Trainee: 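Mind looking over this structure? Questions follow.
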Amino acid sequence: MKNELEKTYNPGFFEDTIYQKWEESGFFNPDNLNLPNEAPSYTIVLPPPNITAKLHLGHSAMLAIEDLLIRYHRQNGFRTLWLPGTDHAAIATQNMVEKKIFSESGQSRHDLGKEKFLNEVYKFVAETQATILHQTRKMGASLDWSRLAFTLDDSRQKAVKRMFLDMYRAGIIYRGERVVNWCPRCHSTLADDEVEHKEEKAKLYWIKYGPFILATSRPETKLGDTAVAVNPQDPRYQEYVGQELEITGVIGKFKVKVVADRAVDINFGSGAIKVTPSHSFIDNEIAARHNLPGKKIIDEDGKMMSNCGKYAGMTTSVARDAIVSDMQAMGLIDHIDEEYIHNSARCYRCDSVIEPLPSKQWFISVDAPVAHLNEQSLKQAAIAAADKQEIRFLPERFTKRYHDWMENLHDWCISRQIWYGHSIPAWYRGEEIFVGENMPEGEGWVQDQDTLDTWFSSGMWTFSTLGWPDNFQDGIKSGDLARFHPTQVLETGYEILTLWVSRMVMMSLFALGENPFKHVYLHGTILDKAGKKMSKSKGNGVDPLDMINSYGADAVRLSLLMGATPGNDSRYSEEKIEAKRNFVNKLWNISRFVLSDLDETSLASSANILPEAKTLADRWILGGLLSTRKTVDEAMANFEFSLAADTLYDFTWNKLADWYLEVAKIEKDKGQILVYLLKNILIMWHPFIPYVTEAIWQSFNESLIMVEQWSTWNDKLDFWVANTAKENDFIFLQEAIIAVRNARSENKIEPARKVQALVVGERANLLLTQAPLLLGLRTGIDSISCDTKASEEKAIKIVIDKTEIYLLGAVDADKEQARLFKEKENLEKLIISLSARLGNQEFIDRAPTNIVQVEQEKLTRYRVELENINIALKA
RNA sequence: GGGCUCGUAGCUCAGUUGGUUAGAGCGUUACGUUGACAUCGUAAAGGCCGCCCGUUCGAGUCGGGCCGGGCCCACCA
């Protein structure tokens, strides 16, 4: 024993020094692991947190899960890389800084100018990034900091520029005019996923429109109308289809064409709609189908343009009121519905009403064939990856969501009208466009003022962090890219399945022709105690650092891992963390007990060599350890982290601590077995609760448990198989002991009250030989002997405080009889059913007849046999 | 409107292809504990597994319907 352990585990005392030790060891970096060349790689890239704010519990859950996978694989001989980074989160960050500057000085970004404003952003980013990295370390995350990346650093800028050029040259990126979601406040386009729809009350205006009366909630767009559309099935308006009509408007008469289009709902309003191609998505689609011109009347500030006569310069809502009152004066309003409920589209960042606007933007075509993907489009290739299960989603149901979303994907608008972000490598001179690495030769070129959608750079995350494009020449990967790509697991929240995961797949397929990962593990959202989403506005967020300070990082990690299943939200509660803190302390004290007064020889014994089992309890506990190991391995392979932890938890507390340590106390034998058990459970627990296990390990080891390999396992299977059969014997003993304790504590000691004659032969001997030792522990037994009661079976007579107890077994005989009877009944039904289907008596003849003579083992064997027949029959 | 998901002990949740007596943590109650640990131990109480129908020898598990929560997508001019 190198260091005496304190009575309780104090996380704050150990965590920082241990983390420092890990980091200084260099083992977070797989290059330092001294592995044979053929060691398989295991890579996870950390989903880069937005640098807008400090981490919340959701991030902690992410870190706990990924660090679990990483540490587990590192301890199992993999070349394990966990690659850290942060995301510049263009729009979010810019908004954050704008708000900050405005509250501090009342200035807007335009007041500051682009250069000064960006400097403010860089300052902000440096601060928050430092906070985030600090929090990440506190969680114990074993990330390879030497490979730290940022979505907007120099390497990533190079990669992004290159990707843009490659896609442009492949004809995948193009510039085009589209109606886009425009936020007049952020002055930027928004992706469809960035638009939030909110139910709101509005007015629905029924306006007189030539021969029609039609309903609109936006009468001001009448100034941009170029058509009226009706459903082709609608008998009411057939006569007008194809005609050109002259309409009276508030700034004079104008002409519209009447078209028939399937997008029009016969049952809504009057069944006729006005078509404003420039300011409505649906109208734009209708216009495209019928070759109708558009007329832009709203500008980028959300104001009416100069072609709107006296309304020019008004915001749309002011113009709406003005136009409505003018129309009323002209008798053009039929009536108004005041209570109209509709969904208004709003900016997910600033909540402004979205204005659909036509605009020149850069797009990635998801439908254009890509030569090096066998002429598949990005969409087709990305769908195929999931359908062919080259990428597997956990839980599986998200495959469908991914698939459906991909199917309906439109071209991806990648340009954003904000300052902070990746600049677009395109230059303009008049009508000329140049796309290239640098500004072209010659006078008068101006670079595109827009920046790229933040998902463009984060979509490249799995390979831009591994040295692409330098590590990819002529289709051959080298360096980190060859070694660590594709990655094994992408672990992230299900809410960004479509935003991010889908884009990573497309980007990787385009750049490398391979999938970015094999598994996508989607964790749920951490909700507050009441089941509500945590958010800043509600003030119900929890700072993980507070929890770490109060309970330790291990307790926080364990509370996030246990009781959570993939894809399902889970509730956070402090009680949960407290319970895990108690467990961590339990493990600490188990170690304290094992390690105290231990001789050096035992202490030095290997965690890898199975010690000799002398007693029933030895065999039981070693068998238990090995079966625990088996279950944990299987659970880890299936991403069942909660099950893995549960299994270890149960073994450690309920078997090892509550029973085996008690036995060890009686036998006063703290030998190799205890050390073997301790070393192995510490190693197995380490990926879950790295700090406490390392702290204990360090108290008697020079090396780090972080790189201690899980003991070899296959050679011990025989032992395990042989000894699980003995498990029942030990359980029987446990029950016997409990029965005695109860009989005592209830102070109503009646001979054989609880237990009936099921103990015969071998088991009675077992009790006689083993029980005295165990029973003697805390019961104050006067004597134990074998006796024969009124019944003919052997019984154990135990005398406590001069009162006699006859212990015949620990299982309630009535219950046991009832169970066996039911079991037999069920079997008989099964037999009858099978016989009927097979048309013979074979099974009836073989059925167990006398339940009293039937042993459980035989029943079970018979049942298994019948089930196999049943399965065969069904197939 | 389309899709997904959940409903199991007082609370939070497990329950892997249908199969013995449906589990855990917390909480409650009773009892216990002088040396690993009160951040402890032993036990008890507590379940129409949302409801109905079906498939099956057998359903918490599979199918259909209903009730009730949550989420996602589309979108109304």
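Keep in mind it's a predicted model, so treat the numbers as computed, not measured. First the proteins, then the strands, lettered A, B, ... as listed; each starts at 1.
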Trainee: I'd like to know if the side chain of A/Lys7 and the backbone of A/Asn589 have a donor-acceptor N/O pair within less than 3.5 Å.
Mentor: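 Checking the backbone N and O of A/Asn589 against the side chain of A/Lys7, no donor-acceptor pair under 3.5 Å is found.
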Trainee: Does any nucleotide pair with B/rA43 by Watson-Crick or G-U wobble geometry, both distances under 3.5 Å, and what is it?
Mentor: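 Result: B/rU29.
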Trainee: Which residue lies toward the 5' end of RNA chain B, A/Glu640 or A/Asn582, if each is placed at its nearest nucleotide?
Mentor: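 First, find each residue's nearest nucleotide; the 5'-ward one identifies A/Glu640.
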Trainee: Kindly say if A/Arg218 contacts the phosphate of B/rA77, meaning a side-chain N or O under 4.0 Å from OP1 or OP2.
Mentor: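 No, outside the criterion.
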Trainee: In whole Å, I'd like the distance from the CG atom of A/Leu643 to the C1' atom of B/rG25.
Mentor: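 To the nearest whole Å, that distance equals 15 Å.
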Trainee: Both distances below 3.5 Å, Watson-Crick or wobble geometry, any strand: find the nucleotide opposite B/rC71.
Mentor: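 Partner of B/rC71: B/rG3.
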Trainee: Could you pick out which residue, A/Ser280 or A/Gly563, lies toward the 5' side of RNA chain B when each is mapped onto its nearest nucleotide?
Mentor: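 Here A/Gly563 is the residue nearer the 5' end.
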Trainee: Using distance alone, with no hydrogens and no angle criterion, decide if A/Trp500 and A/Thr492 have a side-chain donor and acceptor under 3.5 Å apart.
Mentor: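 There is no such pair (donor and acceptor under 3.5 Å, judged by atom type) between the side chains of A/Trp500 and A/Thr492.
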Trainee: Base, sugar-phosphate alone, or nothing: which one does A/Ala272 contact when heavy atoms must sit under 4.0 Å apart?
Mentor: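 A/Ala272: no heavy atom of the nucleic acid under 4.0 Å.
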Trainee: Paired with B/rU21: which nucleotide, if any, by Watson-Crick or G-U wobble criteria at under 3.5 Å for both distances?
Mentor: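 Looking at the geometry, B/rU21 pairs with no nucleotide.
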Trainee: Going by heavy atoms in the side chains, are A/Tyr237 and A/Ser270 under 4.5 Å from each other?
Mentor: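 They are in side-chain contact.
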Trainee: Using atom CH2 of A/Trp588 as one end and atom C1' of B/rA36 as the other, report the distance to the nearest whole Å.
Mentor: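 Going from CH2 in A/Trp588 over to C1' in B/rA36 covers 12 Å.
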Trainee: Between atom NZ in A/Lys580 and atom P in B/rG25, what is the gap in whole Å?
Mentor: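 To the nearest whole Å, that distance equals 9 Å.
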Trainee: Does a distance-only test, which skips hydrogens and angles, find a donor-acceptor pair under 3.5 Å between the side chain of A/Lys586 and the base of B/rC37?
Mentor: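 Such a pair exists between side chain and base.
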Trainee: Between atom NZ in A/Lys7 and atom P in B/rU39, what is the gap in whole Å?
Mentor: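 Atom-to-atom, A/Lys7 to B/rU39, this comes out as 10 Å.
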Trainee: What distance, rounded to whole Å, do you find between the two C1' atoms, one in B/rU28 and one in B/rG46?
Mentor: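 Going atom to atom, C1' in each nucleotide, I get 9 Å.
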Trainee: Just by modelled atom types, is the A/Tyr691 backbone N or O under 3.5 Å from a matching donor or acceptor in the A/Asp554 side chain?
Mentor: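 Checked: pair present.
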Trainee: May I ask you to check whether A/Phe641 and A/Tyr521 place their ring centers less than 6.0 Å from one another?
Mentor: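 Yes, ring centres under 6.0 Å apart.
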Trainee: Which part of the nucleic acid, if any, lies within reach of A/Lys529 when heavy atoms closer than 4.0 Å are counted: base, sugar-phosphate only, or nothing?
Mentor: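 No contact.
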Trainee: Any base atoms under 4.0 Å from A/Ser573, or only sugar-phosphate, or nothing? Heavy atoms, all strands.
Mentor: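 No contact.
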Trainee: Under 4.0 Å between a side-chain N/O of A/Asn568 and OP1 or OP2 of B/rA14, yes or no?
Mentor: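 A/Asn568 to B/rA14 OP1/OP2: side-chain N or O found under 4.0 Å.
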Trainee: Any base atoms under 4.0 Å from A/Ala579, or only sugar-phosphate, or nothing? Heavy atoms, all strands.
Mentor: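 Touches sugar-phosphate only.
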Trainee: Specify the separation, in whole Å, of atom CG of A/Leu558 and atom P of B/rU39.
Mentor: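 Interatomic distance, CG of A/Leu558 to P of B/rU39: 19 Å.
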Trainee: Any side-chain N or O of A/Arg581 under 4.0 Å from OP1/OP2 of B/rU39?
Mentor: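 Answer is no, no contact under 4.0 Å.
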Trainee: Using a 4.0 Å heavy-atom cut-off, does A/Asp658 contact any base of the nucleic acid, only the sugar-phosphate backbone, or nothing at all?
Mentor: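 Answer is sugar-phosphate: A/Asp658 comes under 4.0 Å of backbone atoms only.
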Trainee: Using a cut-off of less than 4.0 Å, is there contact between a side-chain N or O of A/Arg592 and OP1 or OP2 of B/rC37?
Mentor: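 Yes, such a contact exists.
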Trainee: Across the strands shown, which category fits A/Ser642 at heavy-atom distances under 4.0 angstrom: base, sugar-phosphate, nothing?
Mentor: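 Answer is nothing: A/Ser642 stays at 4.0 Å or more from every strand.
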Trainee: Is the shortest side-chain heavy-atom distance between A/Thr628 and A/Leu648 below 4.5 Å?
Mentor: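 Result yes, sub-4.5 Å side-chain heavy-atom pair found.
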Trainee: Applying a 3.5 Å limit to both distances, which nucleotide forms a Watson-Crick or G-U wobble pair with B/rC76?
Mentor: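 None - no nucleotide pairs with B/rC76, as no candidate has both distances under 3.5 Å.
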Trainee: Would you kindly give the CG-to-C1' distance between A/Leu409 and B/rC73, to the nearest whole Å?
Mentor: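 A/Leu409 atom CG is separated from B/rC73 atom C1' by 13 Å.
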Trainee: Taking CD1 from A/Ile590 and C1' from B/rC40, how many angstroms apart are they, rounded to a whole number?
Mentor: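 A/Ile590 atom CD1 is separated from B/rC40 atom C1' by 12 Å.
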Trainee: Can you find a side chain N or O atom of A/Lys400 that sits less than 4.0 Å from OP1 or OP2 on B/rG2?
Mentor: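 Looking at the OP1 and OP2 atoms of B/rG2, neither is under 4.0 Å from any side-chain N or O of A/Lys400.
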Trainee: Does A/Tyr649 have A/Lys586 sitting over its ring (NZ/CZ under 6.0 Å from centre, angle to axis within 45°)?
Mentor: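 Cation-pi check for A/Lys586 and A/Tyr649: fails.
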Trainee: For A/Asn638 and B/rG15, what is the distance between atoms CG and P respectively, to the nearest whole Å?
Mentor: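 Taking atom P of B/rG15 as the reference, CG of A/Asn638 is at 12 Å.
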Trainee: Please confirm whether the shortest side-chain N or O distance from A/Thr565 to OP1 or OP2 of B/rA14 is below 4.0 Å.
Mentor: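 Yes, A/Thr565 has a side-chain N/O under 4.0 Å of OP1/OP2 on B/rA14.
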